[in-house]
Amino acid sequence: MPIYGTMFNILSRNVSTSTICNQIIKLTRLRVVDNSEIGKQAMMEGKPPRCIHIYNKKGIGYIGDRVLVAIKGEKKKGILVGLKQQQNPKVPRFDSNNIVLIDDNGTPLGNRIHVPIPHILRTIMKKNTHSKGADYTKLLAIATKFV
C-alpha cells in the first residue's frame, strides 16, 4: 500500500487543479488579428505575443483597453478587440483573445482587421480618444466587419 501512495503522489504533481483563467492578465497569450508584418510573422512561427502590461487601474484587460505586448523580442502596444472572458450583455464573447497592434500615437500597424470586432468598441474608442492624446478612429476605419 505505501508504494501505491508514493506512486500516486508522483503522478499527481503533473496535474494542474487550478481553474481556467479567461482573463487578460500579465503573460497571457494573445492573437494578432490585423495584417501587420510583425504580427503575421509571430503567428506563423507559433510564438504569439504575450501581455506585459495593461494600461488600466484594475490589472485585468477588458475590450478597448491598451496593453503592452512582447512580440518577437520587441515591445509593442495594442488594443484588445475580442476576449474569451465573460462579457457584459450585448457584447459578444470570442473564442480567442484578439489584439490589434498600434504605434505610440494610436495608428494601427496593419491596414486591415481580419475578424469581426464588437460594435460597442465604437463607443469605447470615442471615450478614449482625446484631442491631444492618441487617435483611435483609424482603428475603427480599418475594421471590415462589426458584430
Side-chain angles (χ1 to χ4, degrees), residues 8-147:
F8 178 73
N9 191 14
I10 292 170
L11 291 175
S12 67
R13 287 183 193 160
N14 297 332
V15 178
S16 175
T17 57
S18 62
T19 58
I20 296 173
C21 181
N22 286 332
Q23 299 175 336
I24 304 295
I25 55 174
K26 290 185 180 181
L27 297 180
T28 302
R29 287 189 190 115
L30 303 166
R31 189 179 100 170
V32 179
V33 296
D34 61 357
N35 64 347
S36 59
E37 196 60 39
I38 191 167
K40 282 195 288 190
Q41 287 176 1
M43 296 308 286
M44 291 293 272
E45 291 175 5
K47 295 181 179 179
R50 287 182 175 252
C51 179
I52 297 175
H53 182 74
I54 299 147
Y55 292 102
N56 66 13
K57 294 180 181 176
K58 296 175 185 139
I60 297 172
Y62 298 104
I63 283 191
D65 283 347
R66 285 189 319 136
V67 292
L68 185 67
V69 295
I71 180 167
K72 291 185 64 69
E74 298 179 29
K75 290 192 278 187
K76 297 283 183 186
K77 290 183 182 173
I79 294 184
L80 296 170
V81 294
L83 304 179
K84 276 184 177 180
Q85 70 191 29
Q86 195 66 33
Q87 299 293 324
N88 294 333
K90 299 182 182 176
V91 179
R93 186 175 176 195
F94 288 81
D95 291 340
S96 60
N97 296 318
N98 300 334
I99 188 173
V100 174
L101 297 175
I102 58 172
D103 59 5
D104 290 334
N105 57 1
T107 306
L109 296 181
N111 55 13
R112 181 171 293 136
I113 298 176
H114 298 302
V115 298
I117 62 173
H119 198 271
I120 194 132
L121 203 61
R122 284 184 189 271
T123 56
I124 294 170
M125 290 290 119
K126 279 184 185 174
K127 185 176 71 174
N128 290 347
T129 300
H130 305 293
S131 58
K132 294 181 182 177
D135 184 23
Y136 298 119
T137 55
K138 294 174 187 171
L139 184 129
L140 297 171
I142 66 170
T144 55
K145 296 178 189 169
F146 287 94
V147 182

Next on the checklist: Please enumerate all residues that pass side-chain hydrogen bond (donor to acceptor under 3.5 Å, both in side chains) together with Ser36, with sequence neighbours excluded.
Outcome noted: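 Partners of Ser36 by the side-chain hydrogen bond (donor to acceptor under 3.5 Å, both in side chains) criterion, ordered by chain and then number, come out as Asp34.
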
Checklist entry - Taking only residues two or more places apart in sequence or in another chain, which ones pass side-chain hydrogen bond (donor to acceptor under 3.5 Å, both in side chains) with Glu45? => result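 side-chain hydrogen bond (donor to acceptor under 3.5 Å, both in side chains) check on Glu45 returns Lys72.
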
Spatial distance of atom [atom1] ([X]) from atom [atom2] ([Y]) [nearest 0.5 Å]:
X: Leu83; Y: Thr28; atom1: CG; atom2: OG1; result: 10.0 Å
X: Lys26; Y: Ile60; atom1: NZ; atom2: CD1; result: 12.5 Å
X: Asn105; Y: Lys77; atom1: CG; atom2: NZ; result: 9.5 Å
X: Ile38; Y: Glu74; atom1: CD1; atom2: CD; result: 4.0 Å
X: Leu140; Y: Ile117; atom1: CG; atom2: CD1; result: 5.5 Å
X: His114; Y: Arg31; atom1: NE2; atom2: CZ; result: 9.5 Å

List for me each residue that meets side chain to side chain contact (heavy atoms under 4.5 Å, CB included) alongside [X], sequence neighbours excluded, and say none if there are none.
X: Lys58; result: Asn56, Tyr62
X: Pro118; result: Ile63, Pro92, Phe94, Ile120
X: Lys75; result: Ile52, Leu68

Is the closest side-chain heavy-atom distance between [X] and [Y] below 4.5 Å?
X: Ile71; Y: Leu30; result: no
X: Asn98; Y: Val115; result: yes
X: Pro108; Y: Lys138; result: yes
X: Asn97; Y: Arg29; result: no

Taking all heavy atoms of [X] and all of [Y], pick out the closest pair and write down the distance.
X: Pro49; Y: Val32; answer: CG-CG2, 3.6 Å
X: Cys51; Y: Val69; answer: CA-CG1, 4.2 Å
X: Val81; Y: Val33; answer: CG2-CG2, 4.0 Å

Checklist entry - How about Arg112: does its CZ atom have over 12 heavy atoms from other parts shown lying under 6.0 Å from it? => result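 Result for CZ/Arg112: open.
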
Any donor-acceptor pair under 3.5 Å linking the side chain of [X] with the backbone of [Y]?
X: Thr144; Y: Ile113; result: yes
X: Asn35; Y: Asn111; result: yes
X: Arg93; Y: Lys84; result: yes

Checklist entry - Residues in salt bridge (Lys or Arg N to Asp or Glu O under 4.0 Å) with Lys47, at least two apart? => result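 Not a single residue meets the salt bridge (Lys or Arg N to Asp or Glu O under 4.0 Å) criterion with Lys47.
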
Checklist entry - What ring-ring contact (aromatic ring centres under 6.0 Å, His included) pairs are there with at least one residue in residues 29-56, not counting sequence neighbours? => result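 Counting only pairs at least two positions apart or across chains, the ring-ring contact (aromatic ring centres under 6.0 Å, His included) contacts touching residues 29-56 are His53-Tyr55.
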
